[in-house]
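The structure under discussion appears below in the form of structure tokens.
Please read all numbers here as calculations on a predicted model, not as lab measurements. Keep in mind that the numbers below use all heavy atoms, side chains included, and drop hydrogens, waters and symmetry copies. Both counts, for ligands and for their atoms, begin at 1 and track the order of listing.
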Amino acid sequence: MNPELICINTSCRARYGITDVLYNCPKCDGLLEAEFVPPAATPAELKKLWRERRMSNRPVDQSGVWRYREMLPFDDAGLAIVTLREGDTPLLPAPRAAQYAGLDAITFKHQGFNPTGSFKDNGMTCGATQAMRLGMTRVACVSTGNTSASMAAYAAAAGLHPLIFIPNGNISYGKLAQALEYGARTFQVEANFDQILALVRVLAERLGIYLLNSINPFRIEGQKTIMIEMLDQRDWVVPDWVVLPGGNLGNVSAFGKGLRELLAAGFIDRLPRLAVVQAEGAAPFYEFMHRGGTFHAVHHPETLATAIKIGDPVSWPKAQHEIQTTKGVVEYATEQEIADAKAVIGQCGIGCEPASAATLAGLRKLRAAGVVAKDADVVAVLTGNVLKDPDYIYRYHTGALDAPDGHRLQSTFGNAPIVVPNDADEIARLCDKL
Ligand code: F0G
């Protein structure tokens, strides 16, 4: 039996076929999610099977997403899976980052180790596979950069035609370069992310193109395996906190769904608390969760962490549910806090892109406020690779990084390159001073 798509609105809960091309409920416009059908095998059997698959050379077993396929809404025999061996990302202890945040320990789950350098690959392998299952030929997304890079790669691998829509001048060159290299038809639109999402939804409907933004429930399914893999890597020991950056809020929705399903199926006996961190200039979810009332979009979101420069996140109702269910929290971080936290993550030999560093910046604040205990068991998810935005790094370390409002950020942990003459004595003298 195939699972179905279900409207998340408790007053609606309409059900649709798993191969219906839908992103929102046609009855009430609510968000849709894939139904979870608990696997037939016991948790103990599956934990053993998933471990054994790590020794296999089959592409579906090597993928850190499809290895956990019993938890995914794809049970068609002979399904053509589109995989670039995503997932399998490491858990990295980071004592220097822990010290900076005032914690005994922090472990980073680094999604930047994915094939295109971000967590989007976990979702895109499922999104692209669903596009193939539906017989689609064209796929589209609006993106702040990582979704487009990922979609371009998976579409290319699957022989699908990718159409990418990005806010003109507002994504890093590393990400734009990836989309071009993977052969995506790329449109730079004179509008912000939220405006372009509305545009792309109209175009997708009109032209019969499959939409692969995180509103697509199959993207969420793939991203939930980040939590499954994390727990598998920790021998199923549940951390106290899982911290992640928030933009369009697909990832927190995916994490919460995955964790709830693991609890319901008996893989774990409690939920970690989810902590979402937004950038100060693009923090509508923070405002909403702290002030209550109705959800208000930020009309002109601003942050140098362009990946999370989103003012009207579509998945906020799902995210709200997951934060409430896990007794989670939402925090924000300033441009300076993100920049300094990012440099500290670099000093750990780990590195990440700006949006990812919101995790450490937020954790530092949550620790200072006493929300996170000093000895808490914390996993922070780094969402993108350090090389995604080298321009930001160079500016920070050379004292040339300006916030969106024009004020110059401090290079608290700056490390500018030194220009030297071609002279061994002079260089030796400089080295002695280090
Ligand atoms: N971190 C990075 C590096 C991202 O690229 C994104 C989102 C997020 C965090 C936030 O995740 O949207 O699920 O809350 N990037 C999207 C994109 C929007 O188009 O690449 P979210």
Side-chain angles (χ1 to χ4, degrees), residues 31 89 108-114 116-124 127 140-153 164-167 170-172 174-176 178-179 184 186 189 192-194 196-197 200 211-216 219-220 222-224 226 243-257 274-279 282-286 301 303-316 318-320 322-323 330 333 338 342 345 351-362 380-389 392:
L31 296 168
T89 61
F108 288 119
K109 170 97 174 126
H110 205 328
Q111 294 303 110
F113 282 63
N114 262 300
T116 76
S118 85
F119 71 99
K120 305 291 180 178
D121 295 343
N122 288 68
M124 208 53 77
C141 69
V142 52
S143 179
T144 55
N146 281 323
T147 297
S148 48
S150 182
M151 193 191 80
I164 283 168
F165 298 81
I166 51 176
N170 268 303
I171 78 167
S172 74
K175 300 172 189 178
L176 175 57
Q178 284 182 289
T186 303
V189 187
N192 70 26
F193 178 93
D194 309 302
I196 305 171
L197 181 57
V200 172
L211 200 56
L212 281 175
N213 276 102
S214 59
I215 194 166
N216 184 310
R219 284 268 318 275
I220 300 297
Q223 285 171 217
K224 80 186 187 188
I226 298 169
V243 188
L244 73 160
N248 217 13
L249 303 174
N251 214 21
V252 59
S253 308
F255 285 11
K257 183 172 192 281
L274 291 173
V276 171
V277 188
Q278 298 205 288
F285 189 53
Y286 170 84
T303 171
L304 295 178
T306 49
I308 50 174
K309 189 174 167 180
I310 294 175
D312 195 5
V314 282
S315 293
W316 72 260
K318 285 186 178 178
Q320 179 191 27
E322 306 309 348
I323 291 292
V330 186
I338 292 174
K342 179 172 143 51
I345 296 168
C352 64
E353 69 161 282
S356 310
T359 52
L360 181 61
V381 179
L382 299 180
T383 43
N385 190 284
V386 67
L387 287 175
K388 287 281 189 175
D389 197 349
Y392 180 108

Approximate separation, where rounding is to 0.5 Å, of Thr383 OG1 and Asn146 CG: 7.5 Å
Side-chain donor-acceptor contact under 3.5 Å, Ser150 with Asp121: yes
Any donor-acceptor N or O pair under 3.5 Å, side chains Asn114, Asn122: yes
Non-neighbouring partners of Ser143 that pass side-chain hydrogen bond (donor to acceptor under 3.5 Å, both in side chains), sequence neighbours left out: Ser148
Could you list the donor-acceptor pairs under 3.5 angstrom formed by side chains in residues 246-254, with sequence neighbours left out?
unit_1	atom_1	unit_2	atom_2	d
Asn248	OD1	Val314	N	3.1
Asn251	OD1	Gln223	NE2	2.9
Ser253	OG	Leu249	O	2.6

Contacts of Tyr286 that satisfy ring-ring contact (aromatic ring centres under 6.0 Å, His included) - sequence neighbours left out: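 Counting only residues at least two positions away or on another chain, Tyr286 forms a ring-ring contact (aromatic ring centres under 6.0 Å, His included) with His290, Tyr332.
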Every residue of the protein that comes under 4.0 Å of ligand 1, judged on heavy atoms: Phe119, Lys120, Ser143, Thr144, Gly145, Asn146, Thr147, Pro245, Gly246, Gly247, Asn248, Leu249, Gly250, Asn251, Ala307, Ile308, Ile310, Glu353, Ala355, Thr383
